[in-house]
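Okay, structure first, notes after.
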Protein chains: 2
Amino acid sequence: MKLNTKSRYAVMALADMSKFPINNPVSLRDISLRQSISLFYLEQIFLKLKQNDIVKSVRGTNGGYVLKRDPKNIKLSEIFQALDQKVKTVGCKKDSKKGCNGKSAKCITHELWDELEIYINNFFENKKLSDLSLTRGNN
Amino acid sequence: MKLNTKSRYAVMALADMSKFPINNPVSLRDISLRQSISLFYLEQIFLKLKQNDIVKSVRGTNGGYVLKRDPKNIKLSEIFQALDQKVKTVGCKKDSKKGCNGKSAKCITHELWDELEIYINNFFENKKLSDLSLTRGNN
DNA sequence: TATATACCCGACTAAAATAGTCAAGTATTC
DNA sequence: GAATACTTGACTATTTTAGTCGGGTATATA
Ligand code: FES
Ligand code: FES
């Protein structure tokens, strides 16, 4: 089980932004430099964040991105969803009548993996961007 | 975040075995047929399970594999470890002085991912093979 | 003791996912 | 009008995953 860079970078970047006064546009270039994340990659990530109403953009000089909501109201689960990053532990299509082995109903372990999936999603559901302890000036 | 087939199949196969009387060797061929998992793939998986003292093998006709311990004493975390399957959510080398961004100490989000890693490992640590509800005759 | 069964184990490969790059554009401010 | 910075789709190298294969060895049973 591995967390991909896209999700990690997204949270890193948003955490970076949340250190600055709200309504103060932060440019991807700056985030890129501070967090050592490829600018091109950030662009890709922020496109999704914007489409999902987590940030809004300000174009032009001194532009950048701004958090659309207070970090207290941004759940990690939303960030993941924005990037199409799902927690997938079952081997089957959940709604299918068939199990992961193509047979009968669900396999012996389906219930277990389902429980795990819920367990993990629960973590993301209960964490907010504001829960990251951000001491200004750290990284 | 996705769980790979190796881990899933390993648990499936062991769950399958645990339905039979202990000391009764179960052949991979049978598991393969019942659970629709490639025999070759199972061989690969059981090699590891054996090396890690989770099962033992009985060679020859009527041979197969036998659980080395009571399912009550086999934690899922052991099964995962046996297959070299680690939960990895941080982007850095945990013991390194450098963060995932190559800079200074740990990055802004390190603590969060670390917490997640512990959280997930906790699930595997507390689940035993015997916790799978195995109604004999199901799959 | 021949034969079939079943484990043993390393090497190999196709396909999918990931991580990142690039190019050609548009809007805004100074 | 020049510089900055977002916009968007397409493209690619690398890595990981999932699975295959071949040529073994050990053992029970007939
Ligand atoms: S995981 Fe859902 S049927 Fe096997
Ligand atoms: S995740 Fe450990 S330093 Fe970034």
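Labels below follow one simple rule: chain letters A, B, ... track the order of the sequence lines, proteins then strands, and each chain is numbered from 1.
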field: Salt bridge A:E111-A:K106, side-chain N to carboxylate O under 4.0 Å
entry: no
- prompt: Near A:R69 CZ, under 6.0 Å, is it more than 12 heavy atoms from other residues, nucleotides or ligands?
  reply: yes
task: Give, ordered by number, those residues of residues 54-66 of chain A having at least one heavy-atom distance below 4.0 Å to an atom of DNA chain D; if nothing qualifies, reply none.
output: A:S57, A:V58, A:R59, A:G60, A:T61, A:N62, A:G63, A:G64, A:Y65
- request: Figure out the CZ/C1' separation between A:F40 and D:dA10, and round it to whole Å.
  value: 14 Å
task: Could you check how far CD1 of B:I45 sits from C1' of D:dA18, rounded to whole Å?
output: 10 Å
query: If you measure only the distance, is there a donor-acceptor pair under 3.5 Å linking the side chains of B:K6 and B:Q44?
result: yes
- prompt: Going by modelled atom types, is there a donor-acceptor pair between the base of D:dC6 and the side chain of A:E43 at under 3.5 Å?
  reply: no
task: Using atom CG of A:L83 as one end and atom P of C:dG20 as the other, report the distance to the nearest whole Å.
output: 14 Å
task: Starting from P on D:dC6, measure out to CD on A:Q51 and report it in whole angstrom.
output: 15 Å
- prompt: Are B:S38 and D:dT20 close enough that a side-chain N or O sits under 4.0 Å from OP1 or OP2?
  reply: yes
task: Write down the distance between CZ (A:R8) and C1' (C:dA19), rounded to a whole number of angstrom.
output: 11 Å
C:dG20 phosphate, OP1 or OP2, under 4.0 Å from A:Y9 side-chain N/O: yes
- prompt: Can you name the nearest heavy-atom pair linking B:M1 to A:I120, along with the distance?
  reply: SD-CG2, 4.4 Å
- prompt: Relative to the 5' end of DNA chain C, which residue comes earlier, B:Q44 or B:L28, by the nucleotide with the nearest heavy atom?
  reply: B:L28
Length of the line joining A:L47:CG and C:dT21:P, which is rounded to integer Å: 17 Å
- prompt: Above 12 or not: heavy atoms from other molecules or residues under 6.0 Å from NZ of A:K94?
  reply: yes
message: Taking 4.0 Å as the cut-off, does a side-chain nitrogen or oxygen of B:S27 come that near to OP1 or OP2 on C:dT5?
response: no
query: How close or far is atom P of C:dT18 from atom NZ of B:K88, stated in whole angstroms?
result: 16 Å
message: With heavy-atom distances below 4.5 Å as the criterion, would you say the side chains of B:R8 and A:T109 are in contact?
response: no
- prompt: Do the side-chain N or O atoms of A:K50 get closer than 4.0 angstrom to the phosphate oxygens (OP1, OP2) of D:dT7?
  reply: yes
Partner of A:F46 by ring pair (Phe, Tyr, Trp, His ring centres under 6.0 Å), out of A:Y65, A:Y41, A:Y9: A:Y65
- request: Using atom OH of A:Y41 as one end and atom P of C:dC22 as the other, report the distance to the nearest whole Å.
  value: 15 Å
message: Between A:V26 and A:K2, which residue's closest nucleotide on DNA chain D lies nearer the 5′ terminus?
response: A:V26
